[in-house]
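A short worksheet on the structure shown next.
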Amino acid sequence: MICCKARLYRNYICPPTYVSHSPDEVARLADHLVVMEDGKVLTNGPLVETLARVDLPILFGDETGVVLDVVVKEKDSDWHLVRLDFAGGSLWTRDFGFPVGRKLRIRVLARDVGLSWQRPEQTSIQNILAGRVTVIADDEHPGLALARIEVGASVVTARLAKRAVAAMELTPGQEVWVQVKSVSLIE
């Protein structure tokens, strides 16, 4: 994988090229990705869109997930939480200490996302969003699948047991409730 990020240098745009297989480095440093396999370019595009594709061989095992650009919109000092808004909804997470209005980048790992047909009630998972499945693809392990879900104008991925996909009769186009257990801040 090659990550590219444009940087201004003496009035010229000089795009440095950075090669990495680390999901943390990719999420932190890149704005644009070029995905290669066996020396051939498979695709390229904005980081957020490219990482959300489940049809590419850029799986990172337990680190597979998406990046979302968010804004701190609200603080709940009683519970030490913040609401992060993104194009498609909002997520509550622990307060990282950033002020309201601050733009951030977060990662939502596929392993921290679950799906349900009905809106879950009485659950410990606080982030529940309406979404629509767009793609279901094989994961690295034969018993697992990755689902790509549109949440408004954004995308998240969920790692699911193929048994769960079959039990839910999950297919592209279906409306689901997306449960996001946690997010991680990218600095």
Side-chain angles (χ1 to χ4, degrees), residues 1-3 19-30 32-70 86-89 91 93 105-120 123-186:
M1 178 180 314
I2 298 175
C3 309
V19 178
S20 178
H21 294 103
S22 166
D24 286 334
E25 285 180 348
V26 170
R28 190 173 32 277
L29 300 175
H32 188 92
L33 296 182
V34 177
V35 179
M36 299 180 73
E37 184 176 56
D38 297 326
K40 295 178 183 161
V41 173
L42 298 179
T43 191
N44 75 85
L47 169 80
V48 173
E49 294 173 20
T50 307
L51 282 182
R53 291 185 56 180
V54 295
D55 63 329
L56 296 173
I58 57 171
L59 303 176
F60 294 119
D62 278 349
E63 298 299 309
T64 298
V66 298
V67 170
L68 296 174
D69 292 316
V70 298
F86 64 97
L91 297 165
T93 190
R105 183 178 272 184
I106 61 169
R107 286 185 67 210
V108 178
L109 300 179
R111 69 176 183 218
D112 293 330
V113 177
L115 303 179
S116 177
W117 283 119
Q118 298 175 354
R119 181 176 176 81
T123 177
S124 64
I125 298 174
Q126 298 291 292
N127 297 306
I128 301 172
L129 306 160
R132 185 176 62 81
V133 177
T134 59
V135 178
I136 300 171
D138 290 337
D139 199 352
E140 294 170 320
H141 187 277
L144 300 175
L146 287 173
R148 182 181 190 273
I149 305 106
E150 288 179 349
V151 177
S154 296
V155 173
V156 297
T157 55
R159 174 169 279 129
L160 307 166
K162 285 186 178 177
R163 182 178 179 184
V165 172
M168 291 180 71
E169 299 178 354
L170 203 58
T171 59
Q174 292 177 322
E175 304 291 325
V176 293
W177 290 98
V178 179
Q179 302 170 78
V180 180
K181 184 175 180 181
S182 67
V183 304
S184 59
L185 177 67
I186 300 170

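Here, residue 1 is the first one in the sequence, and each next residue gets the next number. Excluded from the calculations below are hydrogen atoms, water molecules and symmetry mates; all remaining heavy atoms, backbone and side chain alike, are included.
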Correct closest heavy-atom pair for Asp69 and Phe86 would be O-CB, 3.6 Å
Rounded distance (nearest 0.5 Å) linking atom CD of Gln174 with atom CD1 of Ile136:
7.0 Å
Do you know the tightest heavy-atom contact between Leu91 and Val183?
CD1-CG1, 3.8 Å
What is the distance from atom CG of Asp139 to atom OG1 of Thr64, rounded to the nearest 0.5 Å?
6.0 Å
So which heavy atom on Ser154 is nearest to which on Gly88, and how close?
OG-N, 4.4 Å
Which pair of non-hydrogen atoms, one from Ala130 and one from Val151, has the smallest distance, and what is that distance?
O-CG1, 3.7 Å
OG/Ser182 to CD/Gln126 distance, rounded to the nearest 0.5 angstrom?
13.0 Å
Between the side chain of Trp117 and the main-chain N/O of Met168, is any donor-acceptor distance below 3.5 Å?
yes
Within this structure, what is the CG-OG1 distance for the pair Leu146 and Thr157, rounded to the nearest 0.5 Å?
6.0 Å
Under the salt bridge (charged side-chain N to carboxylate O under 4.0 Å, His left out) rule, collect the residues that match up with Lys181, sequence neighbours excluded.
none
Can you name the closest pair of heavy atoms from Leu109 and Val113 and give their distance?
O-CG2, 3.6 Å
Begin from the C-alpha positions of Val155 and Thr134 and carry the test side-chain contact (heavy atoms from CB on, under 4.5 Å) through to its verdict.
CA-CA 9 Å; Val155 173; Thr134 59; 5.8 Å; no
Euclidean distance, Arg105 CZ relative to Ser184 OG, rounded to 0.5 Å
12.0 Å
Any carboxylate oxygen within less than 4.0 angstrom of a Lys/Arg side-chain nitrogen, looking at Asp138 and Lys162?
yes
Any salt bridge (Lys or Arg N to Asp or Glu O under 4.0 Å) involving residues 143-156? Give me the pairs, sequence neighbours left out, ordered by first then second residue.
Arg132-Glu150
What residues form a salt bridge (charged side-chain N to carboxylate O under 4.0 Å, His left out) with Arg111, not counting sequence neighbours?
Glu63
Shortest non-hydrogen contact from Ala147 toward Leu160
CB-CD1, 4.0 Å
Rounded to the nearest 0.5 Å, the CG atom of Leu129 sits from the CD1 atom of Ile149 at a distance of 10.5 Å
